[in-house]
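Because the structure is predicted, anything quoted here is derived from the model rather than measured. Just follow the structure's listing: the first ligand is 1, and inside any ligand the first atom is 1.
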Amino acid sequence: MKPIVMAGGTGSRLWPKSRAAFPKQFLTLTSEHSMLQDTLSRLTGIEHEAPVFVCNDAHRFIVAEQLLQAGIQHDGILLEPVGRNTAPAIALAALHATQNGEDPVLLVLAADHLIENIAAFHAAIRHAESLAKQDKLVTFGIVPTCAHTGYGYIRQGNAIENSQGYSVAEFVEKPDLATAEQYLASGAYLWNSGMFMFKASRYLQELEKHAPDILTICRQAIASESQDLDFVRVDSDIFAGCPSDSIDYAVMEKTQDAAVIPLDAGWSDVGSWSSLWEVQKKDANGNVVRGDAILENVHNSYINAEQRLIALVGIDDVVVVETKDAILVAHKDKVQDIKKVVDTLKAQQ
Ligand code: GDD
Ligand code: MG
């Protein structure tokens, strides 16, 4: 099994810590290590080949430095000159991994997730690997706890014989709220965790069937790849012409061969400050505090001070994040809208 780590996202809902130049997956938010480093250390104890990383060209030195610091051996850091979402990113990795005639089972991981129960995660990987070897495109399904509209939803089909998995009766990426509420109430759906397992060749076949333009362009772009130290560069003019789409829309919604392994391992995608608050250890008042803060009569809040002291008095359910050049103060229930702040900042540039 060969891990493929997707590390090209922007993480804009975690502004002001997460920035275009230094996005969420490179931050130390949930442990002493960055989310990228933790993604790899979670695989300790399960047999795997050297991983491949796929990230934006602008972040190459951050990735290389973090891998070096954590002592992570790898089989290439693929650099995208521009982000074209996850379907092309995984295509580049699959093409890279099959260049010398091999066809490894790929474990596609996001670089910005939190998984607490490593033993359960490893068991799920083993179950998924046996289905991937039988040509399935395997996802890991999480029991939903709310009608989140930022996730893919999987309707669990029949149990697959001699396995711990199920067929996927339906895969719906990011439904609207009314649909997500229906799915939640039905009890028949799981969330897509955004991690996948399949043979490299099976992913490329499905891409050929459902998104041939992406495959053609990625093939051309990687045919002229050049190696520069640890970095593998693809042709930037060719890759710039690639359609932008996620694996979820381009392949998983359409394939007939999807399977799902249920995953109950304390998974979170740490998508926002409130989800970070949810998964972290709280003090007696329900607050999560990182850095220097004085709290007087404050409850259920997330406070992160980088440089200065934060003092809060008589306030509940807030997020306060201080960095050297920006301070965020938000209601904990409204943190999805931080994206709008980032959009405003972009428009001002
Ligand atoms: N290399 C590369 N290039 N990586 C990328 C790119 C890209 O263009 N775009 C995103 N990524 C990386 C992100 O850094 C992240 O690790 C992962 O791919 C998933 O991308 P997100 O942008 O975070 O996707 P999402 O959260 O909206 O949705 C996905 O994950 C959900 C669970 O967290 C989908 O798979 C959903 O179905 C799923 O529920
Ligand atoms: Mg995500």
Checklist line | Electrostatic pair K340:D343 at N-O distance under 4.0 angstrom | finding: no
Margin query: Taking the basic N atoms (NZ, or NE/NH1/NH2) and the acidic carboxylate oxygens, is any pair closer than 4.0 Å for E206 and K209?
Written below: yes
Notebook entry, point to check: Should the proximity of A89 to ligand 1, defined as any heavy atom under 4.0 Å, be assigned to the side chain, the backbone, both, or neither?
Noted result: side chain
Notebook entry, point to check: With a cut-off of 4.0 Å, which atoms of ligand 1 are near a heavy atom of A111?
Noted result: 16 (O)
Next item on the list: Working to the nearest 0.5 Å, report the span between CD of Q307 and CD1 of I327.
Entry: 10.5 Å
Check: Any idea how F26 and F22 line up, ring-wise: parallel (<30°), tilted (30 to 60°), or perpendicular (>60°)?
Finding: perpendicular
Notebook entry, point to check: Under a 4.0 Å heavy-atom limit, does R84 contact ligand 1 with its side chain, its backbone, both, or neither?
Noted result: backbone
Next item on the list: Would you mind reporting whether V234 and C218 have side-chain heavy atoms less than 4.5 Å apart?
Entry: no
Note to self: Tell me whether W267 reaches ligand 1 (any heavy atom closer than 4.0 angstrom to a ligand atom).
What the structure shows: yes
Next item on the list: Assess M252 for proximity to ligand 1: is some non-hydrogen atom of it under 4.0 Å away?
Entry: no
Note to self: My understanding is that we take every heavy atom of each candidate and find the minimum distance to atom 24 (O) of ligand 1. Doing that for H59, M6, K174, which one comes out nearest?
What the structure shows: K174
Check: Quick one: does ligand 1 sit under 4.0 Å from the side chain of P23, the backbone, both or neither, non-hydrogen atoms only?
Finding: neither
Checklist line | Option whose closest heavy atom lies nearest to atom 34 (C) of ligand 1, chosen from L109, T139, D248 | finding: D248
Next item on the list: Applying salt bridge (Lys or Arg N to Asp or Glu O under 4.0 Å), name anything that partners D75, two or more places apart in sequence or on another chain.
Entry: K2
Margin query: Heavy-atom pairs closer than 4.0 Å: do any link ligand 1 to the side chain of D269, the backbone, both, or neither?
Written below: side chain
Margin query: Within the supplied structure, the quantity of interest is the number of heavy atoms (other residues, nucleotides, ligands) at a distance under 6.0 Å from Q256 CD; does it exceed 12?
Written below: no
Check: Below 4.0 Å from any atom of ligand 1, is there a heavy atom belonging to H113?
Finding: yes
Note to self: In the complex you have, is atom 28 (O) of ligand 1 within reach of the protein, judged by whether a heavy-atom distance drops under 4.0 Å?
What the structure shows: yes
Next item on the list: Look up atom 21 (P) of ligand 1 and tell me if a protein heavy atom lies less than 4.0 Å from it?
Entry: no
